[in-house]
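For reference, the structure is listed below as structure tokens.
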2 protein chains.
Amino acid sequence: MTKSRAQQKEITRRQIIDAAFRLLSLDRSYSSLSLREVTREAGIAPNSFYRHFEDMEELGLTLVDEGGVALRQLMRKARQRIEDSSSVIRISVETFMEFIHNSPQVFHLLLRERSGTSLAFRKAVSRELQYFIVELADYIQHRQNYPTEDARIQAEAMVILVFNAGAEALDCKPAELKQLTEKAIIQLRYIARGADALSQVKRKVH
Amino acid sequence: MTKSRAQQKEITRRQIIDAAFRLLSLDRSYSSLSLREVTREAGIAPNSFYRHFEDMEELGLTLVDEGGVALRQLMRKARQRIEDSSSVIRISVETFMEFIHNSPQVFHLLLRERSGTSLAFRKAVSRELQYFIVELADYIQHRQNYPTEDARIQAEAMVILVFNAGAEALDCKPAELKQLTEKAIIQLRYIARGADALSQVKRKVH
DNA sequence: ATTTAATGTATACAACTGTACGCTGTAAAG
DNA sequence: CTTTACAGCGTACAGTTGTATACATTAAAT
């Protein structure tokens, strides 16, 4: 049986996406990739690219999307692990650091395009981050019943700090990785504790 | 009197540096600039570039350096302002946000090259950040006499969060800027308060 | 069975890049 | 005054880029 047209197209599309991910590394950002480079890596003719994406931008947004999905899947597993453990913070941070270790390309993409030159990219990455922030804020609010706004501000700080620890992890030796994780955990505990203390003050005043 | 040779060279060098800064914007990162583009903006011949810098990388490192100097100068002014005020955190964050507003190009550069493709750039930006972190850690340690390590972790979290607020500020409407500043201030207070609480626990245990 | 439509290719081109080479003018050194 | 050294320019070249156009193949629609 020969492949259907749609199937074959999907295969080629995947080749392009995978090729692009493969090309990302410590010293290669998405914006530094050329269309031809991607098609070369994918093993197709330059013009064939246009049969699947209008732009390098469109491909990039697809990558961000896929990266986001992968990240969310992993963090869902983290939540399962949390149920067996005492420390939410520790499990979450460690899971995230594992993700970065296992698929650094995805994190490279998100990290760099978060402050990149394309507004569409920035928005896309921001959306992925918001996903985590909202979820974490819900968790916090549900657990400690803070005001919504406070929970969100707290969640945001936490996500940013974990993200930052990930960024540092990319450049550091594997030996220092553990230390980096511990640092992030301490930082999140500062925030959790501080938010706790300050929200109690608030309630007394009211 | 005609200009001395060294003087004229310095002038041209400045033209290159200024041109590069001028070209940086929301949708133009340093790594996306070409050598020819910079020389065009500077009003010199492409080859003249080499009389002053070996590389675009060398120019870029110079820009990071200059940006760092400008930033440090401003924060020194902030410290003067602090003496007249009660809130260290508020003054520092507001001063930083003003800096970003006044010279966004410098911040763009630091923000993007912090996670860019050049190791030298990343190290250079990291050095600038360390400068703030160490200084802030000293301040914290002196004021609350924390353990050195704890103060550093706390300072790092603070600097990261302020830097992040700056990143968000670049993309937001001027009206939301105030709100962003307040958010960062709250986040830093969480950290300050949390670190306080946790270090007291530590002392009791010892 | 014939036509249609779409995936993929090869060729081509103009734009842009970094930089090598050689020249000019002139400040500085002798 | 003569010589040297060097900032700056013009030309040139090979390499890369995005993409327009035309064409081949073949699954799907008629």
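On a predicted model such as this, the values are computed, not experimentally measured, just so you know. We name chains A, B, ... by the order of the sequence lines, and we start the count at 1 in each one. Scope of the values below: all heavy atoms of this structure, side chains included, with no hydrogens, waters or symmetry mates.
Rounded to an integer number of Å, the gap from CZ of A:Phe53 to P of C:dT7 is 13 Å. For the pair A:Ile44 CD1 and D:dG18 P, the computed distance is 13 Å after rounding to whole Å.
Identified under the salt bridge (charged side-chain N to carboxylate O under 4.0 Å, His left out) test for residues 91-101 of chain A, with sequence neighbours left out: A:Arg81-A:Glu98, A:Arg90-A:Glu94. The stretch residues 112-127 of chain A participates, sequence neighbours left out, in these salt bridge (charged side-chain N to carboxylate O under 4.0 Å, His left out) pairs: A:Arg122-B:Asp171.
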Footprint string (nucleotides 13-25 of chain C, 5' to 3'): B base within contact, S backbone only, - free, heavy atoms under 4.0 Å: ----BBBBB---B
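Taking every side-chain heavy atom of B:Ser4 into account, C:dA28 is the closest of C:dG8, D:dG8, C:dA28.
Partner B:Glu66 forms a salt bridge (charged side-chain N to carboxylate O under 4.0 Å, His left out) with one of B:Arg13, B:Arg72, B:Arg14 and no other, that one being B:Arg14.
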Under 3.5 Å, which donor-acceptor pairs do the side chains of residues 186-198 of chain A form with other protein atoms, sequence neighbours left out?
from, atom 1, to, atom 2, distance (Å)
A:Gln187, NE2, B:Ile153, O, 3.1
A:Arg189, NH2, A:Ser87, OG, 3.3
A:Asp196, OD1, A:Tyr146, OH, 2.6

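In terms of phosphate contacts, A:Ser48 brings no side-chain nitrogen or oxygen within less than 4.0 Å of OP1 or OP2 of C:dT7.
Residues forming a ring pair (Phe, Tyr, Trp, His ring centres under 6.0 Å) with A:Phe107 (at least two apart in sequence, or on another chain): A:Phe96, A:Phe163.
Remark: the B:Arg28 side chain and the B:Gln105 side chain contain no N/O donor-acceptor pair separated by less than 3.5 Å.
Contacts between residues 9-26 of chain B and DNA chain D, counted as heavy-atom distances below 4.0 Å, involve B:Lys9, B:Thr12.
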